[in-house]
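Reading through the structure tokens given below for one structure.
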Amino acid sequence: MCIGENLREQVVKFQQATGEESMVVVIEKHDESMAIHRIGFNPYVGLMVDGKPPSPQWWQEAEAFHPLQWPPSVVH
């Protein structure tokens, strides 16, 4: 299964389970840095990344992704 299909399935399941419009996803880039995005699914548009359709560059960087299971926290 390709990244697009897998990501779409996970986002749709998340939306159905929680009622939230988008889920927070961590994208691991080729240079081993990470980016955090809000990914949603609109049946008329498809996947939405931070409120807009994903760019070709975004798809190239999205080879490895995983949804956050809990919100980030700050340790004092």
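It should be emphasised that the depicted structure is a prediction, and the values quoted were computed from it without experimental measurement. All heavy atoms count here, side chains included; hydrogens, waters and symmetry mates do not.
- A distance of 12.5 Å separates CZ in F41 from CE in M23, rounded to the nearest 0.5 Å.
- Considering only residues two or more places apart in sequence or on other chains, Q57 meets the side-chain contact (heavy atoms from CB on, under 4.5 Å) condition with S55, E61.
- Residues passing the side-chain contact (heavy atoms from CB on, under 4.5 Å) test with E20 are F14, T18, sequence neighbours excluded.
- Inter-residue side-chain proximity for H37 and W58 is flagged as met; some heavy-atom pair is nearer than 4.5 Å.
- The structure places CD of Q15 at 12.5 Å from CD of Q10, a figure rounded to the nearest 0.5 Å.
- Inter-residue side-chain proximity for M48 and S22 is flagged as unmet; no heavy-atom pair is nearer than 4.5 Å.
- One distance of note links CG of L47 with NZ of K52; it measures 15.0 Å at 0.5 Å rounding.
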